[in-house]
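Here the structure comes first, spelled out in structure tokens, and everything after it is commentary.
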Amino acid sequence: MSLAASHDPAFLAAWRQAPALRFTGVIEGGLTLLCLFLFSQGLIGPLFADPADPDSSVVLRLIWLPVYAITLGLAVTRPGAVMRTLTGNWLLLALVLLTAVSVIWSIAPDTTLRRAVALIMTTLFGFWMAARWSWRALILLTAATFIGLGVLSTLMAIGMPSLGVDHEVHAGAWKGVWWEKNTLGAMMAWGAVACFAALHMDSRRRWIWMCGALLCCALVLLSTSKTALLALLLGTGGAIGIALCRRGFGFASLVLFLGLSGAAAGALILLIAPVEFLELLGRDATLTGRTDIWVILSRQVGEVPWTGYGYMAFWADETGPVYWVRQGTDWPVPTAHNGWIETALAVGIPGVIMMALIYGRAFLRALSRLFTGPETYWTLTFLAMLGLVSISESNLLQQNSMGWVLLVATAAKLADRRTK
């Protein structure tokens, strides 16, 4: 510290506050990692809840109360930044509030109210992350969380195979710290692209992020999830495409041309020979019965297209409309296995339109940064993968969900042009 600076009151005040600020940052970083781990529902779900009825677990319900308290505490410490983030994302805020309003017409109002409150708190945590952390910190914290989940999943599969490996329908497939293999696959696919992005954000620790990416890729393969594998290929291909685009206009033109050509070819194949294409991927033409579910659920959506049945209420009433779905499919369908249909069941077609606008705006904003900012390695690939997975999994507008937290944080941060 220079002699002149030592007599500057503002400099002296900042110097004295520096240790406290660093300590606060460490505490907030630690709480972010803890909450992201809990929102992933890794480990706590298989240990404390029945996958067929997770809400029946008293332990699991109690675990969320401290998480919500932490979320409120963190938001209160930065009210101005959080409020600016909220007002800058009014459409996302409106969609979340719509889930709470849906208690008015819900066929299971108690369930809707409880889960809508959980969704509000989950969303608030995502908004706080966007308001608190820079792109660099947000991506590094996210990648570190996924690496931790990957390590725990490996230990679980090797040390406790009765919990970490499927021994029934998909014998031998790794589940890690989750209920099913598809969740492990999806999480690790996101983890791989988070590590790729972290590599561009923090090249000094490149070996950590490279090893983390390899671990996540290996776990996707061990999960045997075809959807997760496609998402991983999309994410890694997207990251390579972004890197090539930034090498120059020629590379950019080539990559964009190949990307558009590949998308058009894929759409053409699905239109001309969908059965053969799905069989080539090792999937049956009904996507393991999903299309049968979607047809029946589409009829249910048509019964109440403008309101839906209330947030998360459709599956709560065993004697309600879900009864006819399970009769028609001849098995206890737990979810729609499609994020968009699930949203329609909850809050109707207006909710689906709002969700599409939120997703579309975030994707276009990420695409507009194709040639600038290392955060694009996360934002564009994550959103593309989320959109792909939403076709076969109910991963949108989900309470206590890491995927929803990351979507909210990513979309909210993309909406703020002042952030770095």
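The chain is numbered in sequence order, starting from 1. All values below were derived from every heavy atom in this structure, side-chain atoms included, with hydrogens, water molecules and symmetry-related copies excluded. Note that the structure is a prediction, hence the values are computed from the model and not measured.
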Side-chain heavy atoms of Met156 within contact of Leu163, under 4.5 Å = yes
request  = Evaluate the ring planes of Phe39 and Phe125, with Trp represented by its six-membered ring, and classify them as parallel (under 30°), tilted (30 to 60°) or perpendicular (over 60°).
outcome  = tilted
ask   = Between OG of Ser390 and CH2 of Trp340, what distance do you get to the nearest 0.5 Å?
value = 5.5 Å
request  = Indicate yes or no for a side-chain donor-acceptor contact from Tyr309 to the backbone of Trp315 under 3.5 Å, with no hydrogens or angles considered.
outcome  = no
request  = Determine yes or no for a side-chain-to-main-chain donor-acceptor pair under 3.5 angstrom, with Ser223 supplying the side chain and Trp174 the backbone.
outcome  = no
Within-4.5 Å side-chain heavy-atom neighbours: Glu342 and His337 = no
task = Any chance you could measure Thr99, atom OG1, to Leu97, atom CG, to the nearest 0.5 Å?
result = 7.0 Å
key: Heavy-atom side-chain proximity of Thr307 to Val347 below 4.5 angstrom   = no
task = Mind listing the closest non-hydrogen atom pair of Gly150 and Leu215 along with its distance?
result = C-CD2, 3.8 Å
task = To the nearest 0.5 angstrom, please state how far the CE atom of Met121 sits from the CG atom of Asn400.
result = 10.0 Å
ask   = If only atom types and distance count, is the side chain of Thr410 paired as donor or acceptor with the main-chain N or O of Leu407 below 3.5 Å?
value = no
Derivation and outcome, side-chain contact (heavy atoms from CB on, under 4.5 Å), residues Trp178 and Ser153 = CA-CA 8 Å; Trp178 288 281; Ser153 292; 3.5 Å; yes
task = Using modelled atom types only, decide if a donor and an acceptor are shared between the side chain of Tyr311 and the backbone of Leu397 within a distance under 3.5 Å.
result = yes
ask   = Taking the side chain as C-beta and beyond, is there a heavy-atom pair between Met129 and Val405 under 4.5 Å?
value = yes
ask   = With side chains defined as the heavy atoms from C-beta onward, is the minimum distance between Asn89 and Val408 less than 4.5 Å?
value = no
ask   = Between Phe196 and Thr236, which heavy-atom pair has the shortest distance, and what is it?
value = CE1-CG2, 3.1 Å
ask   = Side chains of Leu396 and Leu386: does their closest heavy-atom pair fall under 4.5 Å?
value = yes
Taking every non-hydrogen atom, the tightest pair across Thr379 and Ala366 = OG1-CB, 3.7 Å
note = dist Leu113:CG -> Ser106:OG (nearest 0.5 Å) comes out at 9.5 Å
ask   = Should Gln399 and Trp64 count as side-chain neighbours, where that means a heavy-atom distance under 4.5 Å?
value = no
remark   = Looking only at heavy atoms, the pair that brings Ala346 and Ser102 closest together is O-CB, 4.4 Å
query = Does Ala130 offer a backbone N or O that forms a donor-acceptor pair with the side chain of Lys413 under 3.5 Å?
reply = yes
Side chain Ser203, main chain His200, donor-acceptor under 3.5 Å = no
task = Working to the nearest 0.5 Å, report the span between CZ of Arg369 and CG of Leu367.
result = 12.0 Å
remark   = Scanning both residues in full, the closest heavy-atom pair of Pro350 with Pro305 reads CD-O, 3.7 Å
inquiry  = Under 4.0 Å between a side-chain nitrogen and a carboxylate oxygen: does that hold for Arg205 and Asp202?
reply    = yes
inquiry  = So, taking the atom named CG in Leu149 and the one named CE in Met402, what distance separates them when rounded to the nearest 0.5 Å?
reply    = 6.0 Å
query = Under 4.5 Å between any side-chain heavy atoms of Trp404 and Leu119, yes or no?
reply = yes
message = Can a side-chain donor-acceptor contact be found between Ser225 and Asn182 if the only test is distance below 3.5 angstrom?
response = yes
task = Measure the acute angle between the ring planes of Trp190 and Phe382, then classify it against the limits of 30° and 60° as parallel, tilted or perpendicular.
result = perpendicular
